[in-house]
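Counting convention: from 1, in listed order, for ligands and their atoms alike.
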Amino acid sequence: MDTSIIELPAFEDKRGNLVFLESLRHIPFLVKRLYYIYGVPEGESRAAHGHKILKQFFIPIAGSFTITLDDAQEKKEYRMDSPNKGLYVGPGLWRDLTSFAVDTVCLVLASEYYSEDDYIRDYARFKEYKSES
Ligand code: TYD
């Protein structure tokens, strides 16, 4: 599965913490877009889709959530709870974001501009797409 947890450089001192990342140095793509998800009510889930070419990097800036990845063969689950550890997610993976703690902020960096054409939002269609490719 084209995915990995990436630990980011963190600077901690008495003033607090600072974490940074640079495209192509810490994450394996150039960032064209970012978005963030917050205010997720208890019990709600996000995503539930796959992407054909998009690469993404998920960071729990605050709080925690679970990402489940699925390549149509196996599933992997990651509890995201550290602001200096993100999850790289390559193309061709179904993702579900669940179990958001209160006040969670999920930052997502993306390799492409927004394009609805790159989404597969139906799981049966995703399985079909994976069996064709
Ligand atoms: P949606 O795909 O439902 O969010 P999630 O992946 O968190 O479940 O996106 C919600 C809406 O926002 C949907 O109408 C598409 C729109 N959107 C954009 O216009 N640009 C973007 O970069 C993203 C990620 C979503």
Side-chain angles (χ1 to χ4, degrees):
M1 214 184 269
D2 184 14
T3 183
S4 55
I5 290 280
I6 297 175
E7 190 163 341
L8 300 170
F11 292 87
E12 297 173 18
D13 61 38
K14 63 180 184 341
R15 300 167 302 161
N17 309 311
L18 182 152
V19 173
F20 77 97
L21 73 80
E22 295 176 348
S23 287
L24 304 177
R25 290 188 170 160
H26 301 104
I27 57 169
F29 59 86
L30 266 173
V31 177
K32 279 194 181 165
R33 174 169 59 101
L34 69 79
Y35 61 94
Y36 39 93
I37 296 167
Y38 61 98
V40 177
E42 201 185 336
E44 277 294 346
S45 53
R46 304 285 317 200
H49 58 247
H51 282 286
K52 297 174 199 162
I53 64 159
L54 190 71
K55 298 172 182 170
Q56 290 183 307
F57 189 67
F58 293 81
I59 310 169
I61 295 294
S64 60
F65 57 93
T66 298
I67 304 186
T68 306
L69 299 179
D70 178 348
D71 65 0
Q73 302 277 335
E74 58 163 338
K75 289 186 184 190
K76 283 190 176 176
E77 193 176 285
Y78 299 89
R79 184 70 189 164
M80 306 300 299
D81 57 7
S82 172
N84 72 324
K85 281 192 197 119
L87 183 69
Y88 165 72
V89 178
L93 296 173
W94 185 271
R95 79 286 317 272
D96 289 298
L97 273 59
T98 56
S99 307
F100 283 81
V102 174
D103 291 337
T104 291
V105 182
C106 167
L107 176 65
V108 188
L109 310 182
S111 63
E112 308 297 331
Y113 297 126
Y114 175 73
S115 164
E116 190 58 37
D117 286 350
D118 192 61
Y119 282 75
I120 305 171
R121 293 191 185 270
D122 177 74
Y123 189 71
R125 173 74 201 101
F126 173 73
K127 293 276 268 189
E128 232 173 72
Y129 173 80
K130 292 298 283 183
S131 68
E132 289 159 4
S133 57

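For the ligand labelled ligand 1, residue Tyr113 lies outside the 4.0 Å heavy-atom shell.
The 12-atom threshold is not exceeded at NZ of Lys85, counting heavy atoms of other residues, nucleotides or ligands nearer than 6.0 Å. A 6.0 Å sphere centred on CD of Glu42 holds no more than 12 heavy atoms belonging to other residues, nucleotides or ligands.
Contacts between Ile37 and ligand 1, counted as non-hydrogen atom pairs separated by less than 4.0 Å, involve the side chain only. Within the 4.0 Å heavy-atom criterion, neither part of Gln56 lies near ligand 1. Of the heavy atoms in Glu116, none comes closer than 4.0 Å to ligand 1.
The only member of Thr104, Val105, Val19 that meets side-chain contact (heavy atoms from CB on, under 4.5 Å) when paired with Ile61 is Val105.
Not a single N or O atom of Tyr35, backbone or side chain, sits closer than 3.5 Å to an N or O atom of ligand 1. Between Arg121 and ligand 1, an N or O atom pair is found at a separation short of 3.5 Å.
Taking atom 6 (O) of ligand 1 as the reference point, the nearest protein heavy-atom neighbour is His49 CE1, 3.0 Å. Protein heavy atom in closest approach to atom 25 (C) of ligand 1: Tyr114 CE1, 3.8 Å. Of the protein's heavy atoms, Ala47 N, 2.7 Å lies nearest to atom 8 (O) of ligand 1.
Less than 4.0 angstrom separates atom 12 (O) of ligand 1 from none of the non-hydrogen atoms of the protein. When distances from atom 2 (O) of ligand 1 to the protein are checked, a heavy atom turns up under 4.0 Å.
No donor-acceptor pair closer than 3.5 Å links the side chain of Arg121 to the backbone N or O of His49. Checking side-chain atoms of Lys76 against main-chain N and O of Asp71 turns up no donor-acceptor pair under 3.5 Å.
Taking the six-membered ring wherever Trp is involved, the centroid distance between the rings of Tyr114 and Tyr119 falls below 6.0 Å. No close placement of the Tyr88 and Phe57 rings is indicated, their centers lying 6.0 Å or farther apart.
Counting heavy atoms from C-beta outward, Phe65 and Ile37 have side chains that stay 4.5 Å or more apart.
The option with the heavy atom closest to atom 4 (O) of ligand 1, from among Arg95, Arg46, Arg33, is Arg46.
What you find for Phe58 and Cys106 is that their closest heavy atoms are CD2-SG, 4.0 Å.
Listed by number with element, the atoms of ligand 1 under 4.0 Å from a non-hydrogen atom of Tyr119 are 2 (O), 24 (C).
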